[in-house]
K.L.:
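Here it is, the structure, as C-alpha cells.
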Amino acid sequence: MAYFFKEPSHTFSEYLLVPGYSSADCIPANVSLKTPVVKYKKGEECPLTMNVPMVSAVMQAVSGEEMGIGLAKEGGIAFIFVSQPIEQQAAMVRRVKNHKAGFVTSDSNLRVTDTLADVLALKEARGHSTMAVTDDGTGTGKLLGIVTSRDYRVSRMDPSTPVAEFMTPSEKLITAPEGTSLKAANDIIWDHKLNALPIVSKEGNLVAFVFRKDYDAHKGNPLELLDEHKRYVVGAGINTRDYAERVPALVEAGVDVLVIDSSEGYSEWQARALKWIREHYGDTVKVGAGNVVDGEGFRFLADAGADFVKVGIGGGSICITRETKGIGRGQATSVIDVAAERDRYFEETGIYVPICADGGIVQDYHITLALAMGADFCMLGRYFSRFDESPTSKVLINGSYMKEYWGEGSARARNWQRYDMGGAAKLSFEEGVDSYVPYAGSLADGMATTLAKVRSTMCNCGALTIPELRDKAKLTLVSAVSIVEGGAHDVMLKDSTGSNK
C-alpha cells in the first residue's frame, strides 16, 4: 500500500512570522545576510559563502552573463544556463570572470599601423575606450602606447589617420612593473590621477591593466562577491548527459560552483554525475544537486557527494510539473522537512550541507520565511527575469512594459536534458509555460528593496544573522480568512493619479 503523509503540504503563503523581542542593536543596518553555499566540516570555515542569500535560476530567460555580473555585484551568484552549447556557456562564464578583476587582461588591442577607423570599430565591438597599442596587436605584446577617447576627435580627424600619430606613446605613460600589488597599483592610479594603469613585464610586454573604475565600482558595491583574484564569483548549470565534456570546459573557464540542473534529483543519474566529478576533481570542484522535496532525497544526494542540495519540485511560477505528472510537494513543507534532515545529517557526520529553496517564492517575505524554515539561500527565476540584466526582451503589452519569461520545460526552451530519465533525447511533453512578467527596472534597485524587507523582518524577530533567525523564528499557519486580512481590505484604494477606483 502507498505511503501517505499524515499532514498536507503547505506553501509559504500559508505561514507568517510572529514577532520576537528586538533589542536596541537590532536594526537593519546591523543585519548580516552572509550564508554558506557549499558543504563544510564542523569547526571549519565554509570555502564559498555569499553576502546575500539569493541565486538566480539555471534558465535561458534568467541567467546570462549580464545577470552573472549584476548579481555578483550585489553579493549573490548567478548560475549560467546549461541549455546551450558547451563552448557558448563556457564563454559566458569566462566573460563574467574577466569583466571585473583587479588585473584585467587587455582584450582591446591595436597595432601602430591601425587607423582611427579601426579604433572606432574596436570600441563599438568591445565597448572599451582604453586600448593598448602593442607590436603584435595582442594583449601580451610589447607595449608601444595606449589610445583613449581623449586622444582623438572624430569630428576633426580623418578616419584613415594612423594610430601612431595620436596615441600616447609608452615613454609618456605611467606604468607599474609585473608583481605590483593591487593596493599599490590603486595608490599609483590615485596619486597620478589616472584612469588606467598598464602593468608591464621586465621585457616591456603588457601584462594587464588596473582600472580606476573597478576601484570605484568596488566602493559602490560593498557586498560584491569576489574570488581570491578579485574576479566576480559565478556559477553554471550542468546536466546528467554531457557532464564529462561540459564540466572540464566550465572549470577551465573559471567557474566557481556548478549545479546539476534537473527537475528531480533523487536518481541514479545524479549519483553518477557526482561520482564522476569526485573521481576526476576530488573536492576542488564545488557542485550542487537536486531537486528533492523530502529528507530521504536530501540524504541520498548528500551521501553521493553534493556540495549543496536544491529543494522544490513544481513550485515555480512557470512550472506545470504538478499539473502534468502529479509530482511535487508544497514548498514550505519541503524546506522544513529537508532542513530537519540536513541538521540530523550534520549531527551524525559533522558535515554541513547547505540547502537551497528553489521555487514557490512569490512575495519578498517568502525569502525570509524560507530562511527561517531552514534554507541557507533561495534560487529565484521569475524574480530575476523581471530586471534589465535578464537576457530576455522588454516588450510593450497593453500599455505596460513586460519581460518575456519561459520555463526550461516549455516548448520554447525544449531543455529535455533537465527532465531526462534515460530515454530518448527529446522533450516528450511540456512541463513549463511561456509567459510575460512585469518589467521591474534595474537589478540593484529591485534587490535593495527586497533585502531591506528581509533585514527589517529579521529585526522584528530579534535576529541579526540567518542562523539566529532560524533559532529565534516563531512561525504560525494562517487561515484563508487571515490571508485576506493581511492585505488591504475594506477601503477604497486610490490609483496612481490620485483618483478613486
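Note that this is a predicted model, so its numbers are computed, not measured.
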K.L.:
Look at the side chain of Asp136 and the backbone N and O of Thr138, then say whether any donor-acceptor pair between them is shorter than 3.5 Å.
P.N.:
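Confirmed, Asp136 side chain pairs with Thr138 backbone.
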K.L.:
Between CD1 of Ile351 and CD of Glu44, what distance do you get to the nearest 0.5 Å?
P.N.:
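One finds 9.5 Å between CD1 of Ile351 and CD of Glu44.
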K.L.:
Restricting to non-hydrogen atoms, name the atom on Leu110 and the atom on Val147 that form the minimum distance, rounded to 0.1 Å.
P.N.:
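What the structure gives for the nearest pair is CD1-CG2, 4.2 Å.
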K.L.:
Does anything in residues 458-469 form a side chain to side chain donor-acceptor pair (under 3.5 Å)? List the pairs, not counting sequence neighbours.
P.N.:
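Listed once each, the pairs are Glu468-Lys472.
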K.L.:
Check residues 27-36 and write down every donor-acceptor pair under 3.5 Å in which the side-chain atom is one partner and the other belongs to a residue at least two apart or another chain.
P.N.:
from  : atom 1 : to     : atom 2 : distance (Å)
Asn30 : ND2    : Asp25  : O      : 2.8
Ser32 : OG     : Lys34  : N      : 3.4
Thr35 : OG1    : Asp376 : O      : 2.6

K.L.:
Can you tell me which residue pairs pass the ring-ring contact (aromatic ring centres under 6.0 Å, His included) test with a partner in residues 173-197, sequence neighbours excluded?
P.N.:
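Output for this query lists Trp190-Tyr215.
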K.L.:
Kindly compute the distance separating OG (Ser149) from CE (Met131), expressed to the nearest 0.5 Å.
P.N.:
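Between atom OG of Ser149 and atom CE of Met131 there are 9.0 Å.
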K.L.:
Can you name the residues that form a salt bridge (Lys or Arg N to Asp or Glu O under 4.0 Å) with Glu66, not counting sequence neighbours?
P.N.:
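Partners of Glu66 by the salt bridge (Lys or Arg N to Asp or Glu O under 4.0 Å) criterion come out as none, since no residue qualifies.
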K.L.:
What heavy-atom pair brings Val93 and Ala236 nearest, and what distance separates the two atoms?
P.N.:
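Here Val93 and Ala236 meet closest at CG2-CB, 4.1 Å.
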K.L.:
Restricting to salt bridge (Lys or Arg N to Asp or Glu O under 4.0 Å), what partner residues turn up for Lys202, sequence neighbours left out?
P.N.:
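None.
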K.L.:
Taking side-chain hydrogen bond (donor to acceptor under 3.5 Å, both in side chains) as the test, write out the residues that go with Asn205, two or more places apart.
P.N.:
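Partners of Asn205 by the side-chain hydrogen bond (donor to acceptor under 3.5 Å, both in side chains) criterion come out as none, since no residue qualifies.
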K.L.:
Less than 4.0 angstrom from a charged side-chain N to a carboxylate O is my criterion; do Arg278 and Asp307 meet it?
P.N.:
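Yes, charged N to carboxylate O under 4.0 Å.
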K.L.:
Step by step, work out the side chain to side chain contact (heavy atoms under 4.5 Å, CB included) result for Leu144 and Thr134.
P.N.:
CA-CA 5 Å; Leu144 304 178; Thr134 61; 5.6 Å; no
K.L.:
So how far is it from Asn239 CG to Arg246 CZ, rounded to the nearest 0.5 Å?
P.N.:
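Nearest 0.5 Å value for the CG-CZ distance: 5.5 Å.
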K.L.:
How long is the span from the CG atom in Asp388 to the OG atom in Ser442, to the nearest 0.5 Å?
P.N.:
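Answer rounded to 0.5 Å: 6.5 Å.
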K.L.:
Could you pull out the closest heavy-atom pair between Val437 and Ser385, with the gap in Å?
P.N.:
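Shortest heavy-atom separation between Val437 and Ser385 comes out as CG2-OG, 3.4 Å.
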K.L.:
Begin with the C-alpha distance, continue with both residues' side-chain angles, and end with the deciding distance and a verdict on side chain to side chain donor-acceptor pair (under 3.5 Å) for Asn221 and Lys73.
P.N.:
CA-CA 6 Å; Asn221 298 286; Lys73 286 181 179 179; over 6 Å; no
K.L.:
Just jot down the side-chain hydrogen bond (donor to acceptor under 3.5 Å, both in side chains) partners of Asp118, sequence neighbours excluded, or say none.
P.N.:
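Thr115.
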K.L.:
Is there a side-chain contact between Val257 and Phe79 in this structure, where contact means two heavy atoms from C-beta onward sitting under 4.5 Å apart?
P.N.:
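Yes. Closest side-chain heavy atoms under 4.5 Å.
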K.L.:
Please determine if Arg94 and Glu252 form a salt bridge, counting it only when a charged side-chain N lies under 4.0 Å from a carboxylate O.
P.N.:
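Between Glu252 and Arg94 there is a salt bridge, with a charged N closer than 4.0 Å to a carboxylate O.
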K.L.:
Among Val255, Val82, Asp256, which one satisfies side-chain contact (heavy atoms from CB on, under 4.5 Å) with Leu250?
P.N.:
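Answer to the side-chain contact (heavy atoms from CB on, under 4.5 Å) test with Leu250 among Val255, Val82, Asp256: Val255.
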K.L.:
Given side chain to side chain contact (heavy atoms under 4.5 Å, CB included), test Thr180 with Leu197 step by step and report yes or no.
P.N.:
CA-CA 11 Å; Thr180 300; Leu197 175 69; 5.7 Å; no
K.L.:
Counting only heavy atoms not in Tyr281, do more than 12 sit closer than 6.0 Å to its OH atom?
P.N.:
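It does: Tyr281 OH has more than 12 such atoms within range.
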K.L.:
Ignoring hydrogens and angles, state whether a donor on the side chain of Thr168 or Asp151 is under 3.5 Å from an acceptor on the partner side chain.
P.N.:
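Present: a donor and an acceptor within the cut-off.
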K.L.:
Does Asn98 reach the main-chain N or O of Arg95 with its side chain, forming a donor-acceptor pair under 3.5 Å?
P.N.:
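Flag not set: sc Asn98 to bb Arg95 has no pair under 3.5 Å.
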K.L.:
Within this structure, what is the CG-CD1 distance for the pair Asp191 and Ile174, rounded to the nearest 0.5 Å?
P.N.:
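Asp191 atom CG to Ile174 atom CD1 measures 9.5 Å (nearest 0.5 Å).
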K.L.:
Apply the test side chain to side chain donor-acceptor pair (under 3.5 Å) to residues Lys403 and Ser390: give CA-CA distance (whole Å), side-chain angles for both, the deciding distance (0.1 Å), then the verdict.
P.N.:
CA-CA 9 Å; Lys403 291 274 282 185; Ser390 74; 3.1 Å; yes
K.L.:
Considering residues, nucleotides and ligands other than Glu279, do more than 12 of their heavy atoms fall under 6.0 Å from its CD?
P.N.:
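It does: Glu279 CD has more than 12 such atoms within range.
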K.L.:
Give a yes or no answer on whether the side chain of Lys230 reaches the backbone of Asp227 with a donor-acceptor pair at less than 3.5 Å.
P.N.:
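Not at all, since once roles are kept as given, no pair shorter than 3.5 Å links the two residues.
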K.L.:
What's the separation between atom CZ in Phe211 and atom CG in Leu194, rounded to the nearest 0.5 Å?
P.N.:
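Phe211 CZ to Leu194 CG: 11.5 Å, rounded to 0.5 Å.
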K.L.:
State yes or no: are the ring centers of Tyr439 and Phe387 separated by less than 6.0 Å?
P.N.:
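No, too far apart.
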K.L.:
Only one of Met50, Met447, Glu224 forms a side-chain contact (heavy atoms from CB on, under 4.5 Å) with Leu71, so which one is it?
P.N.:
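Result for side-chain contact (heavy atoms from CB on, under 4.5 Å) with Leu71: Met447.
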K.L.:
So, the side chain of Ser106 versus the backbone of Gly139: is there a donor-acceptor pair under 3.5 Å, distance only?
P.N.:
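The answer is no, because no donor-acceptor pair under 3.5 Å joins these two groups.
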K.L.:
Do any N or O atoms from the side chain of Asp135 and from the backbone of Lys142 form a donor-acceptor pair under 3.5 angstrom?
P.N.:
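Checking the backbone N and O of Lys142 against the side chain of Asp135, a donor-acceptor pair under 3.5 Å is found.
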K.L.:
Can you confirm whether Lys275 is buried at NZ, in the sense that more than 12 heavy atoms of other residues, nucleotides or ligands lie under 6.0 Å from that atom?
P.N.:
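Open.
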K.L.:
Could you tell me whether the side chain of Arg386 and the main chain of Gly441 form a donor-acceptor pair under 3.5 Å?
P.N.:
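No: the side chain of Arg386 does not pair with the backbone of Gly441.
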K.L.:
Examine distances only and state if a side-chain atom of Arg382 and a backbone atom of Gly359 form a donor-acceptor pair shorter than 3.5 Å.
P.N.:
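The answer is no, because no donor-acceptor pair under 3.5 Å joins these two groups.
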K.L.:
Donor-acceptor pair, distance only, cut-off 3.5 Å: does the side chain of Lys97 make one with the backbone of Val234?
P.N.:
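Answer holds: no.
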K.L.:
Would you name the heavy atoms of Glu74 and Leu223 that are closest together and state the gap between them?
P.N.:
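Distance-wise, the nearest heavy atoms are O-CB, 3.9 Å.
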K.L.:
What pairs meet the ring-ring contact (aromatic ring centres under 6.0 Å, His included) rule with one or both residues in residues 30-58, with sequence neighbours excluded?
P.N.:
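Passing the test, one end in residues 30-58: Tyr40-Tyr352.
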K.L.:
Side-chain donor-acceptor contacts of residues 152-167 below 3.5 Å, not counting sequence neighbours, with atom names and distances?
P.N.:
from   : atom 1 : to     : atom 2 : distance (Å)
Asp158 : OD1    : Ser160 : N      : 2.8
Asp158 : OD1    : Ser160 : OG     : 2.8
Thr161 : OG1    : Asp158 : O      : 2.7

K.L.:
Could you give all pairs that pass the side chain to side chain donor-acceptor pair (under 3.5 Å) test and reach residues 448-457, with sequence neighbours left out?
P.N.:
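Passing the test, one end in residues 448-457: Asp364-Thr450, Asp364-Lys453, Tyr383-Thr450.
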K.L.:
So does Asp358 pair up with Lys310, basic N to acidic O under 4.0 Å?
P.N.:
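The answer is yes: the pair qualifies as a salt bridge.
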K.L.:
Give me the atom names and distance for the closest heavy-atom approach of Ala61 to Tyr405.
P.N.:
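Reported closest heavy-atom pair: CB-CD1, 3.9 Å.
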K.L.:
Quick one: does Glu124's side chain have a donor or acceptor within less than 3.5 Å of a partner on Val119's backbone?
P.N.:
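Flag not set: sc Glu124 to bb Val119 has no pair under 3.5 Å.
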K.L.:
Say whether, by atom type as modelled, one donor and one acceptor occur between the side chain of Thr148 and the main chain of Arg150 under 3.5 angstrom.
P.N.:
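Yes, because the side chain of Thr148 sits within donor-acceptor range (under 3.5 Å) of the backbone of Arg150.
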K.L.:
Excluding sequence neighbours, so at least two apart, what forms side-chain hydrogen bond (donor to acceptor under 3.5 Å, both in side chains) with Ser22?
P.N.:
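Checked Ser22 against side-chain hydrogen bond (donor to acceptor under 3.5 Å, both in side chains); zero matches.
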K.L.:
Under the ring pair (Phe, Tyr, Trp, His ring centres under 6.0 Å) test, which residues partner His280, sequence neighbours left out?
P.N.:
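By the ring pair (Phe, Tyr, Trp, His ring centres under 6.0 Å) rule, His280 matches Trp276.
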K.L.:
If you take all heavy atoms of Val96 and Glu65, which pair is closest and at what distance?
P.N.:
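Smallest heavy-atom distance, with atoms named: CG2-O, 3.6 Å.
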K.L.:
Are side-chain N/O atoms of Gln60 and Ser83 paired as donor and acceptor at under 3.5 Å?
P.N.:
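Yes, because at least one side-chain N or O of Gln60 sits under 3.5 Å from a partner of the opposite role on Ser83.
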